[in-house]
Structure formats: C-alpha cells, structure tokens
Amino acid sequence: MTTKERALHWLLLAALILLAAEQFADALIEHAHAPMLDLAVYRSAAENGPLIRSPHGPMYFTYHPIMRHFFQALGAQFDLKLLTVYTLLTLLYGATIRARPGAALATFLGLAIGGLGIAAITTGNITPFLQLAILGLAARGFDAPRDRWTFLAAVAVTAIVKPYMIAYVLLPLGVAMARRQPLRPHMIAAAATIGAVVVLIALYAVVRPDETAIFIRNLTTQTLAQGDLGIAAYGRLAGQLGSAGALIAHALIVLTAATITIGSAWRQGRLADPGFVLLLFFLAAILNPRLQDYDLFPALTALILYLLGAQAGWRATVVLLIAFVAGGVALHGARFADVEAGFWSNARNVYLVATALLVAGLVTLPRSPQSPAARP
C-alpha cells in the first residue's frame, strides 16, 4: 500500500473499531439484565423432564435425550459446571484460532455487529460455544490426518447436540476439492463420521423408544406448531410460501452466497489458501434452514476472519464498515424514529442484511497475481 492508502486504512479501521465498540457496549447493556437464561432451561430439563414451565408459558427441551443425560450428570452446582464447559470450549477456540491473522479483531467484530453476537453469548446457550470450538479446529487445517480426525470426532459430538452441525464433515472434502487433492480418503472419513452418528442415534431410539418419541414430539411442536423456524429465509417465508417453497428459497439464497464467495475466492486465487476453510465454514453454517442468532454469530466471525486474511487492506475495512453501519440501524435508527414495528426495527433483519453486505463485498477485493483470472 502507498502512504496515503495506509493512512486511509488506519483511519477507516479506527472508525470501524469505534463503531464496533459502541455496538458491543450497547448490546451488553441491553442484555445484562437477564443473563444466561438458557442455563435455567437446561437445569429444569435435567431436574424435571423435557417439558419446562416458565412465566412465559410451556417451553420444550428440543435437544436429543443424550444431552439431557449429560445435563443430569452435572448434578450439583449445575450452572458453575456448565459455565466451566463453556470456558473450556472458548479456550479451545482461542488456542486453535490465535495463529490466524486478525483472529482477535474478527472475533470482536463478530460479537459486536448488530449486537446479536452478544445476545447469542449472554443467553447461555451451548450452541455458540460449540460452534466456536468447531471453527477453531477447522481453522487449524486438515493437512495432518490427526487434525482431520480430531475435527471430525468433534463434529460427531456436536451433531448429537445439534444434528445440522453434521454439515461440517464436508469441510475437509471441500478443502481437498479446492486444492485438487485425492478425494477418496476424505469421502470415506466423512461417510464414517456420518455413519457413526446415525448408528448411535438409531441405537438410542431402539433402547429408549419412549424418550426418542418425546424428543421428536417436542421438536415438532417447538418448530412447526409454535413457528420457531429461525431467522433465515426458511423461517421468514414459511408462512407465505409454505414449507416447500420456503425451503427452495433458502436453498437458492445459500447457492447464491456460495456462488459469490467461492467465485470470488477463485478470482482472487485463494482456493488453495489455508483460510479458504473459513469461507466453507460460513457456507456450511448458513446451510441450516433453521438458522439462529447463535449459529450466525460464529459463521459471521469466520467470514470476517476470511475477509481480514485477504491482504486487501482498506478495501476489506470499507466492506466491514458498511456492514457495521447497517448493523447500527437496528440498534439506533428505529429507536430514534420511534419505530417499534417493521423490517428495520428488528435487529435480526439488519443482522442478515449486514451479512449479505459482507458476502457481496467479497467481490470488491483485489485479484491475486497467482489467480488465473488476474493474469494478463
């Protein structure tokens, strides 16, 4: 970069960090009054069963029964023990991601944008901590067989908690395809991981059919009957287009995102880049039709980490700054205008808009001299 570009970069970066700090603090204040709500749900499920009574009406424990056994095994001092698990998962993420350039900044930005990253953490839900641990293991790469099998074993465990996380088994295969490496060992490893999870769940269903039936009934009630379908296109459009139509719309959006991001990675000569797995993590995360805040926060962190690793300087910072301005609309714009309904008053909507801006912004990054598309 020239001296002027370097000065512009630092100026934009300072503005970005200032805006992110403000959104981070605002979200922290907003959610500080009721921290770790999901811990109470987990504790109640462990003590009283899968139907949970709360001041807001009945809630359903929608995790696989194996998780309820895990929570029951924690016993006394439940909150402290589960928070210790969360701390260990966070430390695992920090230890595995720290070698990536901009890891600390990307994590901070992922938490801050739109304020929903803070909300995802402060609810005490186990999912974002598992997502971060998987992200950290993926960021190490899969060059060594030990790293690949450690990652796949971790994915198998998390898939018991959240079945849609099984999509992450495709990451080593995607990296191998991008690098034009032999695919057979990666396909076998992915199939073995999926098979192990399926066999375990099937065996549990045979041994504990009643608990499995309750789990399926609770999940169906929570999602279909009560409309808890997530924040992605599927959840937003199911009422208008029906389940099949919303699923098609969701698939088209994910396909568009994949085309933009992978196409830009090819154009920039980054398919063989060690950071390409971060892009694949983002795509695997948003593949889930029932995408939630706590899924999108780690996915967005991975996408920001990929952007910062592009050596694009001020261009990447501009993309991030625009996304954070959009995120600020949800935090402040609707409040100042005294708007309590509509699209822009919903922070989740603007969070998704900011994500779309980041995806679209990938096409603005410069081409790499090694990229075939960049050669004269």
Side-chain angles (χ1 to χ4, degrees), residues 63-64 66-67 89-90 92-97 100 103 106-107 110 120 125-179 181 183 185-201 230 232 250-251 254-255 257-258 261-262 265 271 273-306 355 359:
Y63 295 83
H64 192 275
I66 291 177
M67 283 303 297
L89 290 172
T90 304
L92 174 61
Y93 168 71
T96 51
I97 203 73
R100 290 286 180 194
T107 305
N125 194 288
I126 193 173
T127 310
F129 298 97
L130 291 173
Q131 293 269 26
L132 287 175
I134 293 297
L135 171 57
L137 291 173
R140 286 183 9 179
F142 311 116
D143 295 331
R146 182 182 63 182
D147 291 340
R148 182 170 69 250
W149 282 107
T150 299
F151 171 79
L152 291 175
V155 170
V157 172
T158 58
I160 300 298
V161 185
K162 295 286 187 179
Y164 57 80
M165 288 191 188
I166 199 67
Y168 293 133
V169 301
L170 300 177
L171 265 58
L173 181 61
V175 170
M177 291 176 65
R179 297 179 182 179
Q181 297 173 342
L183 301 182
H186 298 283
M187 295 176 67
I188 292 174
T193 304
I194 295 172
V197 174
V198 170
V199 167
L200 176 61
I201 292 176
H250 174 79
V254 174
L255 181 61
T261 54
I262 295 178
L271 291 181
D273 190 310
F276 182 65
V277 68
L278 300 168
L279 202 55
L280 295 180
F281 180 93
F282 168 77
L283 294 173
I286 66 171
L287 188 63
N288 172 26
R290 193 174 169 262
L291 187 75
Q292 300 285 358
D293 308 347
Y294 46 67
D295 299 309
L296 190 54
F297 145 61
L300 201 53
T301 299
L303 183 61
I304 293 172
L305 195 57
Y306 177 81
T355 306
V359 170

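Bear in mind that the values here come from a model prediction, so they are computed numbers and not experimental data.
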Undergrad: If I take atom CG from residue Asn125 and atom CG from residue Leu130, how far apart are they, to the nearest 0.5 angstrom?
TA: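 Here the interatomic distance stands at 9.0 Å.
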Undergrad: Which distance, rounded to the nearest 0.5 Å, do you find between the CZ of Phe297 and the CG of Leu132?
TA: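 The CZ atom of Phe297 sits 4.5 Å away from the CG atom of Leu132.
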Undergrad: Please report the shortest heavy-atom distance between Tyr294 and Pro298, naming the atom on each side.
TA: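 What the structure gives for the nearest pair is O-CD, 3.1 Å.
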Undergrad: How many angstroms lie between atom CG of Leu183 and atom CE of Met177, to the nearest 0.5 angstrom?
TA: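 Atom-to-atom, Leu183:CG and Met177:CE are 6.0 Å apart.
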Undergrad: Hey, could you give me the CG/CZ distance between Leu171 and Arg148, rounded to the nearest 0.5 Å?
TA: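 Interatomic distance, Leu171 CG to Arg148 CZ, rounded to 0.5 Å: 13.0 Å.
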Undergrad: Restricting to non-hydrogen atoms, name the atom on Thr355 and the atom on Leu303 that form the minimum distance, rounded to 0.1 Å.
TA: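 In this case the closest contact between Thr355 and Leu303 is O-CD2, 4.5 Å.
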Undergrad: State, to 0.1 Å, how close His64 and Ile160 come at their nearest heavy-atom pair, and which atoms those are.
TA: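 Closest approach of His64 to Ile160, heavy atoms only: CB-O, 3.6 Å.
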Undergrad: Determine, step by step, whether Asp273 and Arg179 satisfy the salt bridge (charged side-chain N to carboxylate O under 4.0 Å, His left out) criterion, reporting the C-alpha distance in whole Å, the side-chain angles of both residues, the deciding distance to 0.1 Å, and the verdict.
TA: CA-CA 9 Å; Asp273 190 310; Arg179 297 179 182 179; over 6 Å; no
Undergrad: Going from OG1 on Thr96 to CG on Asp147, what distance comes out if it is rounded to the nearest 0.5 angstrom?
TA: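 It is 10.5 Å, given to the nearest 0.5 Å.
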Undergrad: Applying salt bridge (charged side-chain N to carboxylate O under 4.0 Å, His left out) as the test, list every pair that has at least one member in residues 292-306; sequence neighbours left out.
TA: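 Residue pairs passing salt bridge (charged side-chain N to carboxylate O under 4.0 Å, His left out), neighbours aside: Asp293-Arg348.
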Undergrad: Any idea which heavy atoms bring Gly136 and Ile97 closest together, and the distance?
TA: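 Heavy atoms only, the tightest pair is CA-CD1, 4.3 Å.
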Undergrad: Evaluate the side-chain proximity of Thr127 to Tyr63: yes if any heavy-atom separation is below 4.5 Å, no if none is.
TA: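 In short, these two side chains touch, coming nearer than 4.5 Å.
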Undergrad: For Phe151 and Ile134, what are the C-alpha separation, side-chain angles and deciding distance, and is it a side chain to side chain contact (heavy atoms under 4.5 Å, CB included)?
TA: CA-CA 7 Å; Phe151 171 79; Ile134 293 297; 3.7 Å; yes
Undergrad: Between Ala120 and Pro128, what is the shortest heavy-atom contact and its length?
TA: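 In this case the closest contact between Ala120 and Pro128 is O-CG, 3.6 Å.
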Undergrad: Sort and list the pairs that fulfil salt bridge (charged side-chain N to carboxylate O under 4.0 Å, His left out) and have at least one residue in residues 149-178, not counting sequence neighbours.
TA: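 Passing the test, one end in residues 149-178: no pairs.
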Undergrad: When you compare the side chains of Tyr93 and Thr107, does any donor N or O come within less than 3.5 Å of an acceptor on the partner?
TA: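 Present: a donor and an acceptor within the cut-off.
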Undergrad: Counting only pairs under 3.5 Å, give me each side-chain donor-acceptor contact of residues 274-288, with atom names and distances, residues two or more places apart or in other chains.
TA:
{"unit_1": "Asn288", "atom_1": "OD1", "unit_2": "Arg290", "atom_2": "N", "d": "3.0"}
{"unit_1": "Asn288", "atom_1": "ND2", "unit_2": "Arg290", "atom_2": "O", "d": "3.2"}

Undergrad: Would you say that Val169 contacts Ile166 through its side chain, given a criterion of any heavy-atom pair below 4.5 Å between the two side chains?
TA: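 Heavy-atom side-chain distance check passes, below 4.5 Å.
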Undergrad: Taking side chain as C-beta onward, heavy atoms only, is Thr158 less than 4.5 Å from Gln131?
TA: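 No, too far: nothing below the 4.5 Å cut-off.
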Undergrad: Distance check, rounded to the nearest 0.5 Å: Leu291 atom CG versus His250 atom NE2?
TA: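 NE2 of His250 is found 7.0 Å from CG of Leu291.
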Undergrad: Just by distance, do the side chain of Arg100 and the backbone of Ala139 share a donor-acceptor pair under 3.5 Å?
TA: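 Pair found, side chain donor or acceptor close to backbone of Ala139.
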Undergrad: On a heavy-atom basis, which atom in Leu135 and which in Ala302 lie closest, and how many Å separate them?
TA: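 Scanning both residues completely, I find the closest heavy atoms to be CD1-CB, 3.7 Å.
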